[in-house]
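Please read all numbers here as calculations on a predicted model, not as lab measurements.
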Amino acid sequence: MTLAELPPIGYAARDDRLRDGLRDGLRDGLSGGGSLALTNLVNVRWLTGFTGSNAMVALLPDRLVLVTDARYRDRAIAELEAAGVDCDVVIGATQAEQHEMFVALFDGVESVGGEARSLSHSRWTELAKVLPLIPADGLVEDARRTKDTGEIARIARACEIADQALAEVVQMLAQQPTEADVRDELEYRMRRRGADGPSYDTIVASGPDHAARPHHQTGFRRII
C-alpha cells in the first residue's frame with residue numbers, strides 16, 4: 001500500500017481538541033479563553049502538518065496562525081492546505097521580525113500556555129518579558145497519545161517497510177559487510193519502499209564488544 005492509499009491523518013480537528021484542553025486547564029492559571037504558544041517543531045507538525053525546520057504556532061481562541069520565514073512560504077501554504085487545516089501563515093524575514101509578529105498575535109490575551117520543557121531558559125525568559133506565559137507542558141503530548149486511523153495505518157505501514165527491508169538486508173551478511181554497509185543498505189531499502197527516513201540513527205552492532213553496547217555508534221567493523 002502506497003502513502004496515497006493510506007487513510008488521511010485527522011489534522012483538521014486538532015486545534016479544537018487543544019482549545020478544549022486549554023479550557024479544562026483554567027484551574028492551572030490559563031484564562032481569557034486560553035491560548036497556546038507552540039514552539040516545539042514536533043508539536044507544530046502534529047497540529048498543522050507543516051514539516052519545515054523553522055516555525056512557531058499561535059493557537060488563539062478563534063484563530064490558528066503559523067509564523068515562519070520566506071523559505072517556507074509556499075511549502076507552508078501547500079502543506080496546511082493538504083492537511084485540511086484552517087491556519088493563517090505569517091512570514092517574517094528575520095528571526096527578530098518573526099519574534100515580533102508572533103508576540104503581536106497574542107495582544108490582549110490574558111494568559112498564554114508555553115512549552116517550557118522544550119525552550120531554553122533564555123528563550124523562555126525572552127518570551128516571558130512580552131507575553132503572560134504559563135507553563136502548559138504535556139497538553140499537546142497528551143493529545144498525541146490518542147492515534148487516529150491515519151496515524152495507526154502509517155505506523156503499521158512503517159513496520160511493514162522495516163520488516164521487508166531487514167529481510168532483504170539479512171541476505172547480504174554472508175558477504176561479510178561492515179556495520180556501516182548494513183546500516184546504509186537498510187536505510188536505502190526503507191526509503192525505496194516509501195519511508196521518509198529512520199526515526200533515529202540506525203544502530204548496527206556486531207561482535208562481542210560492539211553488540212554489548214546498547215547505544216553503539218555504527219562503525220566499520222566487518223561482520224564475520
field: Between H216 and R221: side-chain donor-acceptor atoms closer than 3.5 Å
entry: no
- prompt: Would L41 and V85 show up in the same hydrophobic cluster when neighbours are defined by side-chain heavy atoms closer than 4.5 Å?
  reply: no
query: About how many Å separate CG of D69 and CG of N54, when rounded to the nearest 0.5 Å?
result: 4.5 Å
- prompt: Distance from Q176 atom CD to I224 atom CD1, nearest 0.5 Å?
  reply: 6.0 Å
statement: Output for pair (C87 SG, I77 CD1), nearest 0.5 Å, gives 10.5 Å
message: What's the separation between atom OG in S118 and atom CG in D137, rounded to the nearest 0.5 Å?
response: 6.5 Å
field: Nearest heavy-atom neighbours spanning E126 and R123
entry: OE1-NH1, 3.0 Å
- prompt: Hey, are N40 and R117 close enough side-chain-wise for a donor-acceptor pair under 3.5 Å?
  reply: no
task: Can you measure from CG (D88) to CG (L64) and round to the nearest 0.5 angstrom?
output: 8.0 Å
statement: Taking every heavy atom of H215 against every heavy atom of I203, the minimum-distance pair comes out as CA-CD1, 4.1 Å
L105 reachable from W124 in the ILVMFWY side-chain graph, under 4.5 Å edges: yes
message: Using 0.5 Å steps for rounding, measure from the CD1 atom of I9 to the CD1 atom of I152.
response: 11.0 Å
statement: For P135 and A116 the tightest heavy-atom approach is CB-CB, 4.3 Å
message: Tell me if a side-chain donor or acceptor on R183 pairs with a main-chain N or O of V204 at a distance below 3.5 Å.
response: no
statement: Only residue of L173, D181, T178 satisfying side chain to side chain contact (heavy atoms under 4.5 Å, CB included) with I223 is L173
query: E168 side chain to A165 main-chain N or O, any donor-acceptor pair under 3.5 Å?
result: no
query: So, does R191 use its side chain to make a donor-acceptor pair with the main chain of D196 at under 3.5 Å?
result: yes
- prompt: Just checking, is any N or O donor in the side chain of N43 or E141 under 3.5 Å from an acceptor N or O on the other one?
  reply: yes
Between Q98 and T68: side-chain donor-acceptor atoms closer than 3.5 Å: no
- prompt: Above 12 or not: heavy atoms from other molecules or residues under 6.0 Å from CD of Q164?
  reply: yes
field: Least distance between heavy atoms, V57 atom then T48 atom
entry: CG2-CG2, 4.0 Å
task: List the atom of A76, the atom of L66, and the distance in Å for their closest heavy-atom pair.
output: CB-CD2, 4.4 Å
query: Are I161 and L6 connected in the hydrophobic side-chain network, where two residues link if heavy atoms are under 4.5 Å apart?
result: no
task: Taking the side chain as every heavy atom from C-beta outward, state whether P132 and F106 have any atom pair closer than 4.5 Å.
output: no
field: Heavy-atom side-chain proximity of L38 to M56 below 4.5 angstrom
entry: no
- request: With R75 as reference, evaluate R73, E79, R71 under the side chain to side chain contact (heavy atoms under 4.5 Å, CB included) test and give the passing residue.
  value: E79
- prompt: Taking a hydrophobic cluster as the set of Ile, Leu, Val, Met, Phe, Trp and Tyr residues connected by side-chain heavy atoms closer than 4.5 Å, whether directly or through intermediates, do V42 and L36 fall within one such cluster?
  reply: no
message: Can you see whether Y11 has R14 sitting over its ring - NZ or CZ less than 6.0 Å from the centre and within 45° of the normal?
response: yes
field: Close side-chain approach of P61 to S35, heavy-atom, < 4.5 Å
entry: yes
query: Above 12 or not: heavy atoms from other molecules or residues under 6.0 Å from CZ of R192?
result: no
message: Please determine whether residues V103 and L60 belong to a single hydrophobic cluster, defined as Ile, Leu, Val, Met, Phe, Trp and Tyr linked transitively by side-chain heavy-atom distances below 4.5 Å.
response: yes
- prompt: Between T218 and E179, does a side chain to side chain donor-acceptor pair (under 3.5 Å) hold up when you go through it step by step?
  reply: CA-CA 6 Å; T218 301; E179 294 173 347; 5.4 Å; no
query: Are V140 and L47 side-chain neighbours, meaning at least one heavy-atom pair lies under 4.5 Å?
result: no
- prompt: Going by an N to O cut-off under 4.0 Å, is there a salt bridge joining R213 and D209?
  reply: no
Least distance between heavy atoms, E97 atom then G92 atom: OE2-CA, 3.6 Å
- request: Could you tell me whether a side-chain N or O of R154 sits under 3.5 Å from a main-chain N or O of G150, the two making a donor and an acceptor?
  value: yes
